[in-house]
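Worksheet: the structure to be examined is printed underneath.
All figures in this text were calculated on a predicted structure; none of them were measured in a lab. Order of the sequence lines sets the chain letters (A, B, ...), proteins ahead of strands, with each chain counted from 1.
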Protein chains: 8
Amino acid sequence: MADTSHPKSSVLPTGGGQALIDPSDALILLLDHQSGLFQTVKDIPVADLRRNVEMVARLATLLDIPVITTASEPNGTNGPLMPEIHRDAPHAVYVPRKGEVNAWDNDDFVAQVRSTGRRTLIMAGVWTSVCVMFPALDARAAGYDVYAILDASGDPSEMASRTSLARFVQGGVRPITTNSLLSELHRTWARPEAADLAQLYALAAPNYGAVIESYVRAQEAARQSS
Amino acid sequence: MADTSHPKSSVLPTGGGQALIDPSDALILLLDHQSGLFQTVKDIPVADLRRNVEMVARLATLLDIPVITTASEPNGTNGPLMPEIHRDAPHAVYVPRKGEVNAWDNDDFVAQVRSTGRRTLIMAGVWTSVCVMFPALDARAAGYDVYAILDASGDPSEMASRTSLARFVQGGVRPITTNSLLSELHRTWARPEAADLAQLYALAAPNYGAVIESYVRAQEAARQSS
Amino acid sequence: MADTSHPKSSVLPTGGGQALIDPSDALILLLDHQSGLFQTVKDIPVADLRRNVEMVARLATLLDIPVITTASEPNGTNGPLMPEIHRDAPHAVYVPRKGEVNAWDNDDFVAQVRSTGRRTLIMAGVWTSVCVMFPALDARAAGYDVYAILDASGDPSEMASRTSLARFVQGGVRPITTNSLLSELHRTWARPEAADLAQLYALAAPNYGAVIESYVRAQEAARQSS
Amino acid sequence: MADTSHPKSSVLPTGGGQALIDPSDALILLLDHQSGLFQTVKDIPVADLRRNVEMVARLATLLDIPVITTASEPNGTNGPLMPEIHRDAPHAVYVPRKGEVNAWDNDDFVAQVRSTGRRTLIMAGVWTSVCVMFPALDARAAGYDVYAILDASGDPSEMASRTSLARFVQGGVRPITTNSLLSELHRTWARPEAADLAQLYALAAPNYGAVIESYVRAQEAARQSS
Amino acid sequence: MADTSHPKSSVLPTGGGQALIDPSDALILLLDHQSGLFQTVKDIPVADLRRNVEMVARLATLLDIPVITTASEPNGTNGPLMPEIHRDAPHAVYVPRKGEVNAWDNDDFVAQVRSTGRRTLIMAGVWTSVCVMFPALDARAAGYDVYAILDASGDPSEMASRTSLARFVQGGVRPITTNSLLSELHRTWARPEAADLAQLYALAAPNYGAVIESYVRAQEAARQSS
Amino acid sequence: MADTSHPKSSVLPTGGGQALIDPSDALILLLDHQSGLFQTVKDIPVADLRRNVEMVARLATLLDIPVITTASEPNGTNGPLMPEIHRDAPHAVYVPRKGEVNAWDNDDFVAQVRSTGRRTLIMAGVWTSVCVMFPALDARAAGYDVYAILDASGDPSEMASRTSLARFVQGGVRPITTNSLLSELHRTWARPEAADLAQLYALAAPNYGAVIESYVRAQEAARQSS
Amino acid sequence: MADTSHPKSSVLPTGGGQALIDPSDALILLLDHQSGLFQTVKDIPVADLRRNVEMVARLATLLDIPVITTASEPNGTNGPLMPEIHRDAPHAVYVPRKGEVNAWDNDDFVAQVRSTGRRTLIMAGVWTSVCVMFPALDARAAGYDVYAILDASGDPSEMASRTSLARFVQGGVRPITTNSLLSELHRTWARPEAADLAQLYALAAPNYGAVIESYVRAQEAARQSS
Amino acid sequence: MADTSHPKSSVLPTGGGQALIDPSDALILLLDHQSGLFQTVKDIPVADLRRNVEMVARLATLLDIPVITTASEPNGTNGPLMPEIHRDAPHAVYVPRKGEVNAWDNDDFVAQVRSTGRRTLIMAGVWTSVCVMFPALDARAAGYDVYAILDASGDPSEMASRTSLARFVQGGVRPITTNSLLSELHRTWARPEAADLAQLYALAAPNYGAVIESYVRAQEAARQSS
């Protein structure tokens, strides 16, 4: 699975980043995060799932990474896309489909992906085993480097979830989670977006929000008493 | 456990509400929801805990139910109160303590409770087994009718959580959860706050938010196609 | 909790049934089993919940026990009642409500209960902690003997489920499950409905269906080879 | 729940045993431990359930406590009684039933119980919520002191199991487990059966078997090297 | 694991389907779904397992995919095949075995597979680790492309289930679940079977049934009020 | 369960402490915390159990509360008492037994309890269902106010653990956990032992240790930069 | 991982067995199943672990497969080997070690393995991650075909257990479970050992024992009534 | 994944150790074990995590294996390093970072690693999916042999934990746990450090501590009575 054929702009002289995502080559695909499908997700609570997707949308906006969304018939039983995505990633491009379950079956979707020129696809969706799995495997077959964000996606059972993880690995798709995507694109605190990124960590790991609150108050108290 | 000595204003001719909370007699006590203590909670994810507490705060504001908050030394290791409470329940009264673990040990706190004239106390806090349990048992001993909201509270282990539930029941404290509090105070959709209450259900049960989204879109689609 | 004031027609000379439900005094109340609310249930899989409710409906029909159903606004977000109930218990009476969350707040519902003359109420619904809890507690206050079927009901979290169980016991409501209700009304295999009842056990405990299949085939094989 | 009306022969001058089972007044009832029903048990693995029942049978034999067994139609789908019971407790009396689900409905069974003159009934069976619950509640109503051994019994779901525990407590039945029954009847190591009882602990808590094995070998090794 | 040697009829110009099952090359093998073996399954509830197998049978019939069934001695302890399979897939061919545990050891079975000319084998059965694993590995060795449907199969422990998943991946067998098989064969809603397929989703993910019910009612309500 | 007959020295003018433990009346009993028995504990990890017992020992020493320990034959298979108890509570009195399983059966043990003149007994031990349960029930029968520390005790299964909790409540024993005992005896931070007590919280809830570490460092950092 | 270099005597004309264990080439290695180590196992109950090991021993004897056992200092803290192994597999050869943790480090052990001439090693032991992992990886490096029986082995945590499974697969070791080993060596019911093998299935999957009991009784009943 | 290019000094004539870590080539990297990050860990209790890290530190000191530590801004919200590491491994070298999330991005860190000349890197840290994953993958890309200690690391969810395990394996990183590291470096009891190593086993598997205590006492008792 040597996907390192193209040189990465983000590799440092230390070799750091050699095996990591190159943000300048990354494209985020958010697939079928629809209210009807959410009801069938059983491997993650829906509140956590939505908060993770929201994190991805905000991260993409903050770091200027392109986003494509799609949905299978949002006027049908599957319901509308969760509105947080386009609210928090206003630059995201929505591609309607014509009944295809697999987004990679849809001409417009694949054309939109190709138009970005990017070769590292970061995918999330509901169901993981279908709406993420099918385009992920097809994109691998087409030579893309593919990442699946497991906790910004959802499957209808724990068994389906474990099975998806195994099939991703078997098919050469790299499994990640919301918190690691944040860190992998973030890379260093020595950048202007640091304060905004800190806020995103509280979404990816809610206890971190309380860590920040305690820290700020402890320092205020120390300064007042000093 | 005959707490029905005082007539309830909320009992209907059907007898409905005879055994339920009388909102006009209710007082909400939010105890030690502090960022440092949140890190030790292991019977509910901190994001769920905070969302449930936020629901309680918003419900109190919507239905005009008095709220008292307190914290054990917010400049110390226990950290500051979660800011959502006073943001969403601006009418809440904060009572500082002087080192007492048990809020019922504190003169000002008990005086503030008494000043409301209300006899039905609805409590939540961290830890359940301490910050809720101690004042709950003491308030029972003082003749109050006491409810403990288990999922707007938190304990440091599953075993502590089960033990708290048993000790509440043993001591005559009534155990409830955020969703049932909402319904128990809400009582009927035939009231002006109905639309606002519907929003609160999406906090108490996040899947309900997606139910609403699907419903609205299905109706829009039906109207567009009709 | 001495609910044995009225003589039970089902008590045997051995004393058997003294502490059990008297079927001739029983009334089944099925409360708010609606498709929208089902999405928020997290203490039992929805397929199991529906199968259990279906069992209750079929049992009521088989043993001629009256059933009352109700729903909070089935044209609203909560969705329609699951159709299996009235399909399998065509004698069930549906009572619409006027926005009340608590069925016991509704005049028509309470009147319908009273009209049956029965004093043993067997309740199930979604949410357990609300749609079952409130009328169960109010019915206890009104002197009824009340049973709650926990697995023909549903709550939005495991913590809510455990809390409901504790509050039922605290309030003098007797907690049961679908399988025990079946046996408690069934009482003896020496009755004409035995073959039909056997089918219901396969609903209440699906492995029992396979037990029957194996048994029938083993006997067929023995007869063929004998 | 003052069940201490009759003086206990096992109470010591210290008051020890005042609140415990009096072995000389105890009668063990093993209800419907049948191979077909075992397949529906979901709150304990069937191997553990059978080992626990075997422990109870062996304990009864060792301490000379009477045992009554019964089964609902062992030639039917429910299958035969597990053979270990009568193998390990050859003094057990089997009472066939005539189709009654509740053993307390059966004349012969209740007569057999009464004939022993014992008033402390220790019950186990499958299902807990039915085959144990019904006679347990009826026996309580008839004035017996009743114990239910939860892990020598089985229920078709975790929810049914939790519900049974709550209903036992509500109905004044005392819940115990196999290991505590062993200790409660055993009471002291200063008795001739001590070595045999030690073997039973390895059944009630399999890790204890390995504790004994390690201990014996450690002592042998010490003696050899000393 | 490049199994894409033969051109797939189902690959679209976008490249969609390149890495997915080609329905025209697919053959479904249902192995030993017998009532006796079901009692030993511990990684999925038997009701869910049967519903998933029923889904596979109905899907095969709807999309005209050949099915072969087999059983190890259905007159013996393993019991009869679950009747739903041949009821819902009347075109399925049953191949009896002569005592072989591994279906691939049986001449008739392998001959029947070969006679279809299909090279993509989709297998499910009880136990996963035996009745699916052995023919799956042997079929891989014989050059077939093999899929194992994990939740239409069953294993006797969670540990066995996780081990089977790992061994499948290690052996080049592709793990899938019932819901993903449905979508992978379905591929597009723009086909005549769409309405029937929608029904199958309610089997593969029961909450989806309630999604449909809510949707239909919401639209009816909108039309009535418009 | 009115255990408030004797006036408590720890009740404040607010009524705080009315329903809580009076430290000056408390006696801690640590029963059979032996290395061999630890191997059979399955409701809490042994490292957590020992850390909780260590906390109790240190708390007793810090607040000068008497402690009695006992063990069933420490030279036998049950093994020696965990050494941390007498190391951290050097004032603890060890009472050997003569083979009795129930410490309340032993003359010396009961005499030692009586000699303290204290009426509030706080017990922990292994097994919960035996070594704690039996003396707890007997002490209740003898008129003592009894608390059982569930997580400084251990039972051989989760089912035994749940059963013990229910039996304690049924028998009028108050269930608590290590963290709540610490807070219930501690009562206020305005006391000389405050710094030492803070250390004990890190034992009762290990995340609290990290809260303190973060707090101290945050304040140091604030002071250095101010 | 092409381990099929040597022709297998057990491959049938159908190709069945091509990818399975060849019994005539198999050697079973049971490593460090010692009473002291059992206390540290947390990924499987010790009763299940011992029953699975007993099954392996009995299977080896029944099918005449050589067995080698070993232990790290059985007179030390790790304790003696569980006696069931040599009782049920009297042909097993015990090889003592000289302090080596990894059996493959020991000359005598490796020599004993080589002396059998067999190249398919089936290993189980405690801990999985150490006593099985180390010789398994070293044997792979030495060219053996290696299987690890996960549920006849034990690890000190669930995380260790999952990690072991992953490391086995990564290192080319094939993971199996007790039930699948039984079937994989058994292969067909058309052999003289069939009746004895059926008994072993009741060890590998205890519910199967009850399946047999029900079947036998159902046939007896059918014959009696025919 | 043939990482065996360099000859290992620890390989024995038997071939033992061929596939294991060579201690003389090993370097331990402990990454970001900071008090603030600990609060976000959800796949292992923090007390277990710290005890495991402490074991690694003590093992490194005992066996003289070099250790490098690092932290992302210990004066910031992430908090200070846990002090146990440098206390127990005083030879560890701390390398501060300049805001890089990935330690491999930092010049000083990579230089320090290279300066040791060692090629086998054993890593642990918080989060597993970030602070361990990124340098682990980059070190693999740079040709190192890399091990990740999963239970001396922590991730913010169970799903993240499972995902990390899969991504490690996919990327050629070898997953291990604390107990297996101890044994893999320890290799034989026939060495002078044996007694000290035995103590470390009680950290890696706390039940082992009780095994030792029982063993010692059993031998003392045997000697006294002999």
Side-chain angles (χ1 to χ4, degrees), chain D residues 32-42 44-55 71-85 87 126 151 154 178-179 201-226, chain G residues 32-42 44-55 71-85 87 126 151 154 178-179 201-226:
Chain D
D32 304 355
H33 289 100
Q34 296 171 260
S35 58
L37 296 175
F38 283 165
Q39 310 297 3
T40 67
V41 170
K42 297 294 176 193
I44 185 171
V46 73
D48 294 354
L49 171 54
R50 291 179 84 140
R51 194 181 56 241
N52 288 340
V53 175
E54 181 187 329
M55 201 297 294
S72 56
E73 185 39 19
N75 285 327
T77 47
N78 288 357
L81 272 188
M82 57 180 272
E84 299 92 319
I85 298 178
R87 180 195 71 194
V126 173
D151 60 354
T178 303
N179 68 303
Y201 277 87
L203 284 179
N207 283 68
Y208 199 76
V211 168
I212 297 175
E213 293 166 346
S214 281
Y215 180 80
V216 170
R217 174 62 67 98
Q219 292 216 319
E220 288 174 1
R223 290 193 192 101
Q224 288 165 358
S225 67
S226 66
Chain G
D32 304 354
H33 288 101
Q34 295 171 258
S35 57
L37 296 175
F38 283 166
Q39 308 299 3
T40 67
V41 170
K42 298 294 177 192
I44 186 169
V46 72
D48 294 356
L49 171 55
R50 291 180 83 142
R51 195 180 57 243
N52 288 340
V53 175
E54 181 186 330
M55 202 296 294
S72 58
E73 183 39 18
N75 284 327
T77 49
N78 288 359
L81 271 189
M82 57 180 272
E84 299 93 318
I85 298 177
R87 181 196 72 194
V126 173
D151 60 355
T178 303
N179 69 304
Y201 277 87
L203 285 179
N207 283 67
Y208 200 75
V211 168
I212 297 175
E213 292 166 346
S214 280
Y215 180 79
V216 169
R217 175 61 68 95
Q219 292 215 320
E220 287 174 1
R223 291 193 190 100
Q224 287 165 359
S225 67
S226 68

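- Of all the listed residues (G:Ala221, G:Pro80, G:Pro45), the one sharing the greatest number of non-hydrogen pairs under 4.5 Å with chain D is G:Pro80.
- Top candidate by heavy-atom pairs under 4.5 Å with chain D, chosen from G:Pro74, G:Ser225, G:Gly36, G:Ala202, is G:Pro74.
- Within the model, atoms CG of G:Leu81 and CZ of D:Arg217 stand 8.0 Å from one another, a figure rounded to the nearest 0.5 Å.
- G:Val211 touches chain D through backbone and side chain together, each having a heavy atom under 4.5 Å away.
- Taking both residues in full, the closest heavy atoms of D:Gly79 and G:Ser214 are given as CA-OG, 4.2 Å, listed atom of the first, atom of the second, then distance.
- Interface remark: D:Ala218 contributes no atoms to any contact with chain G (heavy atom separation under 4.5 Å).
- Ranked by heavy-atom pairs shorter than 4.5 Å toward chain G, the options D:Glu220, D:Arg51, D:Arg50, D:Met82 are led by D:Arg50.
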